[in-house]
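Scroll down for the structure; my scribbles are underneath it.
Whatever order the structure lists ligands and atoms in, that order sets their numbers, starting from 1.
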Amino acid sequence: MGTIFVIAEHRQGELRDITFEMLFKANTLCKDLSHKLTAVVLGGDEALADEIKKWADTILLFEHERLKNFDGDLYKEVISGLIEEYEPFITLMGHTSWGMDFAPALAIKTGYPLATDCVDIQVEDGRPSVIRQIYSGKIFTKVSFRESKSYLITVRPGSFTPEEIGEQEGEIIKKELPSDLPEPSKEFIGFEEAGAGELDITQADLLVSIGRGVGEAENIEVVRELADLMGGVLSCSRPIVDKNWLPKYHQVGTSGKSVKPKVYLAFGISGAFQHVAGISGAGTVIAVNKDPKAPIFRVADYGVVDDLFNVVDALKEKLK
Ligand SMILES: Cc1cc2nc3c(=O)[nH]c(=O)nc-3n(C[C@H](O)[C@H](O)[C@H](O)COP(=O)(O)OP(=O)(O)OC[C@H]3O[C@@H](n4cnc5c(N)ncnc54)[C@H](O)[C@@H]3O)c2cc1C
């Protein structure tokens, strides 16, 4: 019987959603393969480890202060030591700022193959293969690994819905920090929350969201008028913020805000995973896009294939 590792992610004392998403997937794999699930908690405390007891058979807990705030160099060292000691079949990490930082270095250090940004994992004939998206999410590919003793996978946030809770009563094993860790080359200074700004899009019931499809900064007002008429709040994808057309606090997505409106109206947004990860908590998603193959239609409850301005004008007309 082997084991599957899940590297638990936390920030400021709270477990991140990706942790439960990975634990959920790892649980299903462990059941199919008769493996044990081992969660690795770096820099958390016992309360944090307690929260994932139900999901794991074993929790390896490093309470050390040096690991409390993320440091990819140190995490890589500690995780590679654990992989050597426990020889997990698969190690799951988030395709997040954590995983993107240390997973490639971990692959180099351990020599084990790595697949990044995976949206699903299958095991056939004792070897995992992963599902990844290409061409901006329009095509899914199945990628196989070369034969190895151990496999490393980073999981795209939002790929799994952790609806079923595990039934384990995981044992917490407190681990000591290796004595030969390198001196830190980075210093943690502090967390800076993206300010709520003048409005808090996370509290809105109706979000009218614009993407690059809006074309020009001047066109934003046309959509803002619609949002006002509907009693909604204007939000956007990242390019709109990058172009300085709207302040950062309007941005939805992994590097913006996760939102949970009752209705999310997406105008001219392609549906990149960094965007749709931020709307997984939304009620009804309505997307308007000129491209019938836009990935946003995969997550939309209703879709309109049209120029967004036709739809905006028609809605405004109706509302007036
Ligand atoms: C580390 C990292 C973090 C990121 N974080 C975020 C994040 O938090 N949020 C985020 O949104 N992105 C984020 N991104 C960027 C993300 O990958 C995409 O590039 C971005 O979401 C694309 O925005 P978009 O859909 O507005 O633009 P595009 O992908 O360019 O899509 C524009 C869409 O508009 C449609 N369109 C064009 N004209 C019209 C029209 N007249 N009518 C109707 N439809 C039209 C097109 O068919 C297209 O589908 C991040 C990227 C990285 C690397």
Side-chain angles (χ1 to χ4, degrees), residues 9 11 16-18 70 72 93-104 116-117 119 132-139 154-159 193-197 201-202 207-223 226 233-261 264-282 285-300 302-316:
E9 250 188 59
R11 188 184 292 170
R16 314 275 291 162
D17 290 347
I18 182 67
F70 177 73
M93 299 155 275
H95 192 75
T96 57
S97 50
W98 279 35
M100 281 190 256
D101 183 319
F102 65 69
T116 57
D117 195 15
V119 297
R132 304 178 79 232
Q133 290 183 348
I134 56 170
Y135 300 121
S136 309
K138 286 185 180 159
I139 293 178
T154 66
V155 176
R156 176 182 291 188
S159 300
E193 284 293 343
I201 59 169
T202 66
L207 282 175
V208 179
S209 212
I210 46 165
R212 196 162 13 212
V214 80
E216 304 287 338
E218 301 81 70
N219 296 339
I220 293 177
E221 280 318 303
V222 179
V223 186
L226 174 68
V233 170
L234 193 68
S235 58
C236 67
S237 66
R238 181 161 148 172
I240 302 297
V241 173
D242 288 348
K243 287 172 189 278
N244 281 326
W245 290 355
L246 283 176
K248 174 85 179 165
Y249 53 78
H250 287 271
Q251 186 189 320
V252 173
T254 51
S255 56
K257 303 268 183 187
S258 288
V259 293
K260 43 179 180 5
Y264 187 77
L265 256 162
F267 286 109
I269 295 176
S270 60
F273 87 88
Q274 292 98 341
H275 187 84
V276 297
I279 58 170
S280 58
V285 175
I286 305 164
V288 182
N289 198 303
K290 281 200 302 200
D291 177 4
K293 293 202 170 115
I296 190 80
F297 289 128
R298 270 201 220 108
V299 297
Y302 300 95
V304 182
V305 180
D306 200 351
D307 189 303
L308 70 91
F309 298 104
N310 291 339
V311 179
V312 168
D313 288 347
L315 282 172
K316 277 185 17 207

Heavy-atom proximity to atom 22 (C) of ligand 1 ranks first, among Ser235, Pro239, Ser209, for Pro239
In this structure, atom 7 (C) of ligand 1 is nearest to the protein heavy atom Gln251 NE2, 3.0 Å
List the closest protein heavy-atom neighbour of atom 5 (N) of ligand 1: residue, atom name, distance to the nearest 0.1 Å.
-> Ser255 OG, 2.6 Å
Per-residue contact class, Ser237 against ligand 1 - non-hydrogen pairs under 4.0 Å = both
Closest protein heavy atom (residue, atom, distance) for atom 25 (O) of ligand 1 = Ser270 N, 2.7 Å
May I ask you to check if ligand 1 and Cys236 share an N or O to N or O distance below 3.5 Å?
-> no
On the 0 to 90° scale, with breaks at 30° and 60°, tag the Phe102-Phe70 ring pair as parallel, tilted or perpendicular.
-> tilted
Main-chain N/O of Val222 paired with Lys316 side-chain donor or acceptor, under 3.5 Å = yes
Select the closest option to atom 9 (N) of ligand 1 among Ile296, Leu308, Asn310, Val252, judged by heavy-atom distance.
-> Val252
Nearest neighbour of atom 16 (C) of ligand 1 from the list Arg212, Gln274, Lys248, on a heavy-atom basis | Gln274
Picking from Arg156, Arg11, Arg16, Glu9, what satisfies side chain to side chain donor-acceptor pair (under 3.5 Å) with Thr96?
-> Glu9
Just by modelled atom types, is the Thr116 backbone N or O under 3.5 Å from a matching donor or acceptor in the Arg132 side chain?
-> yes
Backbone of Pro157 reached by a side-chain donor or acceptor of His95 within 3.5 Å = no
Run the side-chain hydrogen bond (donor to acceptor under 3.5 Å, both in side chains) check on Ser255 and Arg238 step by step: do they pass?
-> CA-CA 8 Å; Ser255 56; Arg238 181 161 148 172; 3.1 Å; yes
Does ligand 1 have an atom under 4.0 Å from some heavy atom of Asp306?
-> yes
Ligand 1 N/O within reach of Gly268 N/O, cut-off under 3.5 Å = yes
Measure from atom 37 (C) of ligand 1 to every heavy atom in Gly253, Gly211, Gly213 and give the option owning the shortest one.
-> Gly213
Side-chain polar contacts of residues 287-295 - donor-acceptor pairs under 3.5 angstrom, sequence neighbours left out - could you list them?
{"residue": "Asn289", "atom": "OD1", "partner": "Asp291", "partner atom": "N", "Å": "2.9"}
{"residue": "Asn289", "atom": "ND2", "partner": "Ile269", "partner atom": "O", "Å": "3.1"}
{"residue": "Asp291", "atom": "OD1", "partner": "Lys293", "partner atom": "N", "Å": "2.8"}
{"residue": "Asp291", "atom": "OD2", "partner": "Lys138", "partner atom": "NZ", "Å": "3.2"}

Contact atoms of ligand 1, heavy-atom distance to Gly256 under 4.0 Å | 8 (O)
Ile269 heavy atoms, cut-off 4.0 Å: which ligand 1 atoms fall inside?
-> 25 (O)
Which protein non-hydrogen atom lies closest to atom 46 (C) of ligand 1, naming both residue and atom, and how far is it?
-> Asn289 OD1, 3.5 Å
Flag, side chain of Lys257 to backbone of Gln251, donor-acceptor distance under 3.5 Å = no
Mind listing the closest non-hydrogen atom pair of Gly211 and Ile240 along with its distance?
-> O-CD1, 3.5 Å
From the candidates Lys293, Met100, Lys290, Arg238, the one that places a heavy atom nearest atom 39 (C) of ligand 1 = Lys290
Closest non-hydrogen protein atom to atom 21 (O) of ligand 1, residue and atom name please, with distance?
-> Ala272 CB, 3.7 Å
